[in-house]
Amino acid sequence: MATADIALIGLAVMGQNLILNMNDHGFVVCAYNRTVDKVEKFLANEAKGTKVIGAKYLEEMVATLKKPRRVMMLVKAGAAVDAFIEKLVPLLEAGDIIIDGGNSEYQDTLRRCKSLEEKGMLFVGSGVSGGEDGARYGPSLMPGGSPEAWPHIKPIFQGIAAKVGTEPCCDWVGEEGAGHFVKMVHNGIEYGDMQLICEAYHVMKGALGLDNDKISEVFGQWNKTELDSFLIEITTDILAFKDTDGKHLVDKIKDSAGQKGTGKWTAISALEYGMPVTLIGEAVFSRCLSSLKDERVAASKKLHGPTAPFEGNKEAFVEDIRQALYASKIVSYAQGFMLMREAAKEFNWNLNYGGIALMWRGGCIIRSRFLGNIKEAFDKNPNLVNLLLDDFFLKAIHDCQASWRNVVATAVALGVPTPAFSTALAFYDGYRSETLPANLLQAQRDYFGAHTYELLSTPGKFQHTNWTGHGGNVSSSTYNA
Ligand code: 2AM
């Protein structure tokens, strides 16, 4: 009998928690898993006393569904998703909807979307963020794919999503792989935010000599300002946390960062689409550098830096660091939105930028007050070319600028690495430059490779000069890397 509103395949923790969340919001869910035992165990334990039903076979699962059928997968990204799609297609009809809530690559989502639409079915690739807790009590959801699917999944998705006030942290992102692309950028931005916080900690510790409790107190204060966010909040807790021996746990943790690859994928996309998303790139490279622990230990004994201590007012400098972090964060988000805008152009997606800011406003790791300001900026002007040009952010960055420069200059002078603060400032100075030295670069390219250059006085016309007086006058047309 068709009683279920949606089926969910994949009973790992995320899947289980999303099912329970959907159940709490009045939806009847049919649970299925490759290893069928897990269905019975789930029904007998976590889902006991709920309206959740289970299925042992995909045919049985499909038969429980109201039409158009909605089947959501939360399985391992990659081959498992394709395998399930292949099994589901013969069991479904035109107009039915398959949703992939896993961490799929957006190119895979694009391919699956096209292929299912050719068969008359609808496909949605949705970013799901917020971890296990988010899945259970309110994730940030970023669905994209076949637009016709949205009205049919909207009540469930917006019902279970995190809320900011009454607004759900879920809206339609855009076509094809847009949802998974936006989730990837979200993760890249998360890398950037974490790196910025770590640099602030490093400068306070390395340059000012503040201890963990003091730094924790500083972050606690910052959390009451524009920087109010989940990541600053947990950093406050982490720095104050004591191990069983009464010592700070953070000091005992090896300074070698892991990564699962989503930051790297964002940086790769940035290179692919030619967008200067420098801060996320530096955040990824900083993790790489940190993981060279043994080499760094050896190098630290041989490579020297400055030894002069910090001179100045520490309290005032702590405020400078806060402003440097804020300004750098604005640049990072501006870069992230530049990347999304470029991808939207490339793929013809109609991205909803204000909606994206709202989706990230709650439920996910980068949730923050700041995202509310970004939402307002795009509400004011949906065609905003760059976040830095919005009045609110323009003023914020102008107000922070002197402090930001002071922090980067001081960190350089004292030898404390601040790659993300520095790259953000370099980007800012590059972006606001009417003239950059690429005129010389074009001349160099033309000199050694006859790559041609464009004169300011004759736009669109490319020409070659014989710079040396010898060699040919033939310009390069084949080598344009
Ligand atoms: P399992 O319980 O049968 O292993 C997270 O790993 C989820 O993805 C689990 O529900 C898991 O099912 C499922 N999964 C992982 N690899 C899979 C595959 N190759 N085919 C089907 N499901 C898979």
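Start at 1 and go down the list; that is how both ligands and their atoms are numbered. What you are looking at is a predicted structure, and each value in this text was computed from that prediction instead of being measured.
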Kindly state each residue pair satisfying ring-ring contact (aromatic ring centres under 6.0 Å, His included) with at least one member in residues 16-65, sequence neighbours excluded. none
Going by the rule side-chain contact (heavy atoms from CB on, under 4.5 Å), which residues pair with E93 if we only count those two or more places apart in sequence or in a different chain? K67, R69, D96
Salt-bridge present (D37, K56; N to O < 4.0 Å): no
Using distance alone, with no hydrogens and no angle criterion, decide if W404 and S328 have a side-chain donor and acceptor under 3.5 Å apart. yes
Considering only N or O atoms, set out every pair between ligand 1 and the protein closer than 3.5 Å, with distances to one decimal place.
from: ligand 1; atom 1: 2 (O); to: N33; atom 2: ND2; distance (Å): 2.8
from: ligand 1; atom 1: 2 (O); to: K38; atom 2: NZ; distance (Å): 2.5
from: ligand 1; atom 1: 3 (O); to: R34; atom 2: NE; distance (Å): 3.0
from: ligand 1; atom 1: 3 (O); to: T35; atom 2: N; distance (Å): 3.0
from: ligand 1; atom 1: 3 (O); to: T35; atom 2: OG1; distance (Å): 2.4
from: ligand 1; atom 1: 4 (O); to: R34; atom 2: NH2; distance (Å): 3.0
from: ligand 1; atom 1: 8 (O); to: K76; atom 2: N; distance (Å): 3.2
from: ligand 1; atom 1: 10 (O); to: L11; atom 2: N; distance (Å): 3.3
from: ligand 1; atom 1: 10 (O); to: N33; atom 2: OD1; distance (Å): 2.7
from: ligand 1; atom 1: 19 (N); to: R34; atom 2: NH1; distance (Å): 3.3
from: ligand 1; atom 1: 20 (N); to: R34; atom 2: NH1; distance (Å): 3.4

Measure from NZ or CZ of K87 to the centre of the six-membered ring of F84 and say whether it is under 6.0 Å with the direction within 45° of the ring axis. yes
Contacts of Y201 that satisfy ring-ring contact (aromatic ring centres under 6.0 Å, His included) - sequence neighbours left out: none
